[in-house]
Novice: 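Dropping a structure here in structure tokens format, bear with me for questions.
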Amino acid sequence: MKKSFQEKVLEIVGKIPIGKVLTYKKVAKEAGNPKAYRAVGNILHKNHNLKIPCHRVICSNGEIGGYNRGEKEKRKLLTREGIIIK
DNA sequence: CGTATGACGTGCA
DNA sequence: GTGCACGCCATAC
């Protein structure tokens with residue numbers, strides 16, 4: 001059974017260690033399609049699985065991007081892990 | 001199958 | 001540095 005792009009993305013994001021952040025493009029590349037960063041954001045947006053540290057996924061320009069619980073919460077979580085966002 | 005959407009990225013003015 | 005437009009892919013309907 002082939003894992004859907006979503007499964008790959010969720011697995012990759014779920015493997016992100018603390019203190020480390022990946023960009024949507026990087027995750028998409030790891031998932032198999034470096035150009036699917038659009039789908040990555042779409043998947044994470046639809047994904048309501050709190051078990052996935054999706055807050056460790058940020059834009060390539062250093063922006064937070066977004067978060068289901070609010071961008072403020074995401075920035076707080078990242079800062080709490082030692083990752084300073086703009 | 002075609003259209004619409006989305007937490008992006010890049011290029012250009 | 002900022003703002004706008006286009007392209008890109010996967011998913012949902």
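Here the structure is a predicted model, which means the values were calculated and not measured. Here is the naming used below: chain letters follow the sequence lines, and residue numbers restart at 1 for every chain.
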Novice: Could you tell me how far apart A/Tyr24 (OH) and B/dG6 (P) are, to the nearest whole angstrom?
Specialist: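 It is 15 Å, rounded to the nearest whole Å.
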Novice: Does A/Asn33 or A/Lys86 map to a spot on DNA chain C nearer the 5' end, using the closest nucleotide for each?
Specialist: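 Result: A/Lys86.
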Novice: A/Gly66 or A/Lys25: which one's nearest nucleotide on DNA chain B is closer to the 5' end?
Specialist: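 That would be A/Gly66.
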Novice: Base of B/dA7, side chain of A/Tyr67 - is there a donor-acceptor contact under 3.5 Å?
Specialist: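 For A/Tyr67, whose side chain was compared with the base of B/dA7, there is no donor-acceptor pair (under 3.5 Å).
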Novice: Between A/Glu11 and A/Lys15, does any NZ, NE, NH1 or NH2 come within less than 4.0 Å of an OD or OE carboxylate oxygen?
Specialist: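 Salt bridge between A/Lys15 and A/Glu11, a charged N being under 4.0 Å from a carboxylate O: yes.
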Novice: From C-beta outward on A/Leu44, which listed nucleotide comes closest to its side chain: C/dT11, C/dC9, B/dA7?
Specialist: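 The nucleotide sitting nearest to the side chain is B/dA7.
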Novice: Salt-bridged, A/Lys20 to A/Glu81, with N to O below 4.0 Å?
Specialist: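 Not counted as a salt bridge, because no side-chain N and carboxylate O are separated by less than 4.0 Å.
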Novice: When we call it a touch if two heavy atoms are under 4.0 Å apart, what does A/Phe5 touch: a base, just sugar-phosphate, or nothing?
Specialist: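 The residue A/Phe5 makes sugar-phosphate contact but no base contact.
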Novice: Map A/Asn42 and A/Asn61 onto DNA chain B by nearest heavy atom, then report which one ends up closer to the 5' terminus.
Specialist: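 First, find each residue's nearest nucleotide; the 5'-ward one identifies A/Asn42.
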Novice: Could you please name the option among C/dC9, B/dG6, B/dG9 that lies closest to any side-chain atom of A/His45?
Specialist: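 From the listed options, B/dG6 comes nearest.
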Novice: Rounded to the Å, how far apart are A/Gln6 CD and C/dA10 P?
Specialist: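 That distance rounds to 13 Å.
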Novice: Tell me the interatomic distance from A/His48, atom NE2, to C/dA12, atom C1', rounded to whole angstroms.
Specialist: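 Checked: the NE2 to C1' distance equals 14 Å.
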Novice: Rounded to whole Å, please give me the gap between CG in A/Leu10 and P in C/dT11.
Specialist: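 The answer, rounded to whole Å, is 10 Å.
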Novice: Assuming nearest nucleotide by heavy-atom distance, tell me which of A/Lys46 and A/Tyr37 is located more 5' along DNA chain C.
Specialist: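 The residue closer to the strand's 5' end, by nearest nucleotide, is A/Tyr37.
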Novice: Just the rounded figure in Å: distance from C1' of B/dA7 to CD1 of A/Ile85.
Specialist: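 Roughly 14 Å, once rounded to whole Å.
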Novice: With a 4.0 Å cut-off on heavy atoms, is A/Glu71 in touch with a base, just the backbone sugar-phosphate, or nothing at all?
Specialist: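 Since no nucleic acid heavy atom lies under 4.0 Å of A/Glu71, the category is nothing.
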Novice: To check you understand the geometry: which heavy-atom pair defines the closest contact between A/Ala31 and A/Val9, and what is its length?
Specialist: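 Heavy atoms only, the tightest pair is CB-CG2, 3.9 Å.
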Novice: Where the side chain of A/Asn68 is defined as all heavy atoms beyond and including C-beta, which of B/dG9, C/dC9, B/dA7 is the nearest nucleotide?
Specialist: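 The nucleotide sitting nearest to the side chain is B/dA7.
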Novice: Please report the shortest heavy-atom distance between A/Cys59 and A/Thr23, naming the atom on each side.
Specialist: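 Taking A/Cys59 first and A/Thr23 second, the nearest heavy atoms are O-CG2, 3.8 Å.
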Novice: Using atom CG of A/Leu50 as one end and atom P of B/dA7 as the other, report the distance to the nearest whole Å.
Specialist: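 Result: 17 Å.
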Novice: Could you tell me which non-hydrogen atom of A/Asn68 sits nearest to which non-hydrogen atom of A/Asn47, and how far apart they are?
Specialist: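 Shortest heavy-atom separation between A/Asn68 and A/Asn47 comes out as ND2-O, 2.9 Å.
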Novice: What is the distance from CG of A/Leu77 to P of B/dA7, rounded to the nearest Å?
Specialist: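 Rounded to whole Å, this separation is 19 Å.
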